[in-house]
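Residues take their numbers from the sequence shown, with the count starting at 1.
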Amino acid sequence: MKIKVYLTCSQCLLLMFAKYMIWFATPDLYVGAGRCRLSKVGAGRRPPPARVRVAVRLRPFVDGTAAAGEPPCVRGLDSCSLEIANWRNHQETLKYQFDAFYGERSSQQDIYAGSVQPILRHLLEGQNASVLAYGPTGAGKTHTMLGSPEQPGVIPRALMDLLQLTREEGGEGRPWALSVTMSYLEIYQEKVLDLLDPASGDLVIREDCRGNILIPGLTQKPITSFADFERHFLPASRNRTVGATRLNQRSSRSHAVLLVKVDQRERLAPFRQREGKLYLIDLAGSEDNRRTGNKGLRLKESGAINSSLFVLGKVVDALNQGLPRVPYRDSKLTRLLQDSLGGSAHSILIANIAPERRFYLDTVSALNFAARSKEVINRPFTNESLQLRVLAPIKLSQKELVGPSEAKRARGPEEEEIGSPEPTAAPASASQKLSPLQKLSSMDPAVLERLLSLDRLLGSQGSQGTHGLNTPRRERMVLMKTMEEKDLEIERLKMKQKELEAKVLAQEAVDPKDKENSSPAVLRPLARRTVTVAKPLKKAVVMPLQLIQEQAASPNAEIHILKKKGRKRKLESLDASEPEEKAEDCWELQISPELLAHGRQKILDLLNEGSARDLRSLQRIGQKKAQLIVGWRELHGPFSQVEDLERVEGISGKQMESFLKANILGLAACHRCDTS
């Protein structure tokens with residue numbers, strides 16, 4: 001018996017161990033629906049990665065170059081790879097693998113259909129997409145993006161297909177309503193300029209709370225057809241900065257960015273909103289000023305272009321190395337391309353290269369940048385939000401708006417006998433439980449919906465509800481009638497107040513004699529308290545103790561440093577009473593003429609006979625001014641009066657006035673102390 005129990009326990013332990021091992025391997029099989037929802041939410045927080053797709057286009061030889069029999073430095077191997085001669089060893093070649101390679105005979109349609117057209121469908125899903133044309137100057141970037149009337153480029157073909165898609169998806173009967181807007185800008189010498197409105201000046205690049213890059217003040221034009229697009233795009237293209245160099249007669253001197261925004265609004269509940277952006281970017285080419293011959297303004301433009309492209313390479317390297325800081329903010333171009341490189345966009349990079357051997361170094365540099373860009377990982381996600389639900393106003397019948405007693409009186413006694421009484425046990429509807437303080441027909445639909453939801457929530461929890469929501473109908477009618485009476489009483493009091501105010505204003509316009517004969521029933525306004533102005537602080541001058549004692553001993557002396565003087569001030573009250581007069585004490589400075597003359601004479605003696613050290617004993621005279629006075633005295637002779645001190649260089653009129661006030665008073669006080 002004991003052996004049997006022991007074996008059973010061992011089997012149970014083995015079964016439990018196996019169960020837990022399976023649970024750790026596949027936890028979703030042994031958890032409830034709540035755990036599954038959490039795992040889905042967690043997986044949805046991090047969007048799936050999408051690598052930057054890179055396509056390389058090799059332009060044909062320029063007219064006259066191929067006739068010379070020069071062999072190309074680049075040769076395509078298949079639709080995805082190419083090889084280029086190794087400049088270190090001419091017997092070896094360097095091979096590159098990309099997502100697509102388009103040779104010399106590839107058309108504009110091949111490039112658009114093979115690389116650009118597949119990403120347009122992401123815009124209708126609320127995701128972002130971007131197409132960048134990169135390469136050295138003269139490699140054909142602008143031709144790839146714009147093309148010609150006979151061979152349209154990526155931009156016109158993409159806009160034509162995108163507008164067609166929006167018309168199909170946003171037609172009548174479709175769940176979504178779509179609208180398309182466009183903006184066109186250029187980055188010229190690190191300035192963001194609006195090509196649709198050139199007078200707007202330099203614009204700033206901002207980032208909202210959700211990490212989206214935006215440009216406040218950028219012009220947005222709504223477009224519904226390709227004709228609307230051409231009407232806005234063609235004049236704006238002529239505003240772009242171009243110039244002639246040795247390598248290209250119409251070289252782009254700025255980076256051009258066409259932004260197309262697709263807004264979607266759901267016609268039915270839950271009224272979602274989606275926003276997708278398409279960036280079509282024509283980058284300016286890197287330039288070697290030794291071969292382009294740039295001078296002056298062209299040299300400055302090429303410096304700005306090369307600097308922004310260098311920062312673009314640093315951003316790609318930082319993303320590939322996983323550095324904690326990516327230098328997006330080092331350039332306006334990389335700041336604008338933050339979504340395209342390492343952001344939330346489906347990105348396509350079209351690297352344009354040239355076959356001529358004189359472009360060999362530029363071609364190798366472009367291929368190396370394209371190879372590094374291929375490793376950049378983006379994480380596109382759907383830009384979706386919910387729109388606030390707008391409800392139609394609820395129309396209720398007269399029976400629901402009035403109480404049962406008024407409804408019975410309106411029907412009459414005969415209809416009351418025929419009609420069946422309202423069952424008291426029947427549950428009241430949600431609209432009947434609302435507060436009587438406001439009628440349902442005049443209530444905001446959003447507030448009404450929230451009140452109904454709150455009432456349903458209270459009913460589901462078994463609560464009896466609040467007094468406002470579950471007030472009986474008869475009591476509700478009494479409250480409504482009371483409120484109406486109170487409103488009427490308030491209106492009546494307001495009218496009475498306005499009449500009294502009008503009578504008072506009319507009474508004030510009458511003469512004073514008529515005021516005495518006027519009716520005593522007219523109420524006079526209450527007298528208001530007069531407002532007085534605060535007294536200024538009294539000031540006094542510190543004097544030597546000996547002088548104060550002497551003045552106390554002989555009060556009739558002629559020397560008075562401070563004298564109290566009265567001054568009258570008028571006070572005005574807010575009512576029509578007469579202004580009152582009140583005496584105010586103030587202090588003024590008075591000096592005896594004898595002391596004043598003695599002080600001026602002593603200052604003059606110091607100016608004419610004193611040394612620099614003696615002059616420094618005066619107030620407001622320092623080492624520098626004392627030396628200036630001594631030097632002026634040696635050149636021009638003694639001073640005839642104290643005011644001649646203004647002729648000394650470095651002493652202004654204001655300084656002279658403060659000098660006299662500070663020294664004459666002190667010398668006069670000292671002289672009085674000496675004589676006493």
task = Evaluate side chain to side chain donor-acceptor pair (under 3.5 Å) for Q109 paired with R157, printing each intermediate quantity in order.
result = CA-CA 9 Å; Q109 177 62 25; R157 293 176 186 271; 2.5 Å; yes
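- Listed for the S365 side chain is no donor-acceptor partner under 3.5 Å among the backbone atoms of L361.
- For R325 and D330, the salt-bridge test passes: some basic side-chain N is under 4.0 Å from an acidic carboxylate O.
- Summarising the local packing, CZ of R329 is surrounded by 12 or fewer heavy atoms from other residues, nucleotides or ligands at distances under 6.0 Å.
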request  = Please test S344 against N128 for side-chain contact (heavy atoms from CB on, under 4.5 Å), starting from the C-alpha separation and ending with a verdict.
outcome  = CA-CA 7 Å; S344 60; N128 299 336; 3.8 Å; yes
ask   = So V204 and I215, side-chain contact (heavy atoms from CB on, under 4.5 Å) or not? Walk me through it.
value = CA-CA 6 Å; V204 296; I215 303 177; over 6 Å; no
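- Side chain of R267 to backbone of W176: a donor-acceptor contact under 3.5 angstrom is found.
- By the 4.5 Å heavy-atom criterion applied to side chains, L178 and E168 are not counted as neighbours.
- Of the N and O atoms on the side chains of D110 and S106, not one donor lies less than 3.5 Å from an acceptor on the other residue.
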request  = Could you walk me through whether R57 and T144 pass the side chain to side chain donor-acceptor pair (under 3.5 Å) test, one step at a time?
outcome  = CA-CA 9 Å; R57 184 182 188 183; T144 301; 3.0 Å; yes
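- Side-chain contact between L162 and F229 is absent, with no heavy-atom pair separated by less than 4.5 Å.
- Taking the charged nitrogens against the carboxylate oxygens, R121 and E169 have no contact shorter than 4.0 Å, which rules out a salt bridge.
- With 3.5 Å as the limit, one finds a donor-acceptor pair spanning the side chains of S130 and S347.
- The residues K314 and D317 are annotated as not salt-bridged, no charged nitrogen and carboxylate oxygen being separated by less than 4.0 angstrom.
- Annotation for D194 and L196: closest pair OD1-N, 3.1 Å, computed over non-hydrogen atoms.
- Under the 4.0 Å criterion applied to side-chain N and carboxylate O atoms, R253 and E301 are assigned as salt-bridge partners.
- Closest approach of I119 and A129 over heavy atoms only: CD1-CB, 3.9 Å.
- Between R167 and S225 the shortest heavy-atom distance is NH1-CA, 4.0 Å.
- Checking L203, L336, L193 one by one against L185, the side chain to side chain contact (heavy atoms under 4.5 Å, CB included) holds for a single residue, L336.
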Test side chain to side chain donor-acceptor pair (under 3.5 Å) applied to N212 and E207, step by step = CA-CA 6 Å; N212 298 323; E207 183 176 356; over 6 Å; no
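- Atom CD of E375 and atom CZ of R372 lie 11.0 Å apart (nearest 0.5 Å).
- For K261, the NZ atom is densely surrounded, since the number of other residues' heavy atoms within 6.0 Å is greater than 12.
- Residue S251 comes nearest to T245 through the heavy atom pair CB-OG1, 4.2 Å, listed as atom of the first residue, atom of the second, then distance.
- Side-chain contact between D282 and R240 is present, with heavy atoms from C-beta onward closer than 4.5 Å.
- For the pair R59 and F359, the cation sits on the ring face: its NZ or CZ lies under 6.0 Å from the ring centre, inside 45° of the axis.
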task = Test S385 against R274 for side-chain contact (heavy atoms from CB on, under 4.5 Å), laying out the working first.
result = CA-CA 7 Å; S385 60; R274 291 179 180 176; over 6 Å; no
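- Put simply, the side chain of E190 gets close to the backbone of K332: a donor and an acceptor are under 3.5 Å apart.
- In the model, S308 has a side-chain atom that pairs as donor or acceptor with a side-chain atom of H255 under 3.5 Å.
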Derivation and outcome, side chain to side chain donor-acceptor pair (under 3.5 Å), residues N289 and S302 = CA-CA 8 Å; N289 295 318; S302 66; 2.9 Å; yes
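- Distance check: M160 CE to F226 CZ gives 4.0 Å after rounding to the nearest 0.5 Å.
- In this structure, N306 contributes its side chain and E287 its backbone to a donor-acceptor pair below 3.5 Å.
- Distance check: R238 CZ to L195 CG gives 12.0 Å after rounding to the nearest 0.5 Å.
- Distance check: L58 CG to F101 CZ gives 5.0 Å after rounding to the nearest 0.5 Å.
- Residues Y184 and N239 bring no donor and acceptor atom of their side chains to less than 3.5 Å of each other.
- In this structure, K374 satisfies the cation-pi test against F98, with its NZ or CZ atom closer than 6.0 Å to the six-membered ring centre and inside 45 degrees of the ring normal.
- The closest side-chain heavy-atom distance from Q264 to R272 is not below 4.5 Å.
- The minimum heavy-atom distance between S331 and T334, with the atom names listed, is O-OG1, 3.1 Å.
- Residues T166 and V262 meet the side-chain proximity criterion, which asks for heavy atoms closer than 4.5 Å.
- Using modelled atom types and a 3.5 Å distance limit, the side chains of D78 and S81 yield a donor-acceptor pair.
- From M182, atom CE reaches atom NZ of K221 across 9.5 Å, with rounding to the nearest 0.5 Å.
- Between atom CD1 of residue I353 and atom OH of residue Y96 there is a gap of 10.0 Å, rounded to the nearest 0.5 Å.
- Within the 4.5 Å cutoff, no side-chain heavy atoms of L82 are placed close to those of K95.
- Proximity of a side-chain donor or acceptor of N378 to a complementary backbone N or O of P380 within less than 3.5 Å is not detected.
- Salt bridge R51/D99: present, at least one basic N to carboxylate O contact under 4.0 Å.
- The shortest non-hydrogen separation linking I84 to C73 is CG1-O, 3.1 Å.
- Classification of K191 and E186 as a salt-bridged pair fails, no side-chain N sitting under 4.0 Å from a carboxylate O.
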request  = Report the C-alpha distance between F381 and N383 in whole Å, list the side-chain angles of each, state the deciding distance to 0.1 Å, and finish with yes or no for side-chain contact (heavy atoms from CB on, under 4.5 Å).
outcome  = CA-CA 6 Å; F381 59 87; N383 301 311; 2.9 Å; yes
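- Within the 4.5 Å cutoff, the side chain of S373 has no heavy atoms near those of the Y134 side chain.
- Residues L163 and T224 fail the side-chain proximity criterion, which asks for heavy atoms closer than 4.5 Å.
- Taking a 6.0 Å sphere around CZ of R206, one finds it holds 12 or fewer heavy atoms contributed by other residues, nucleotides or ligands.
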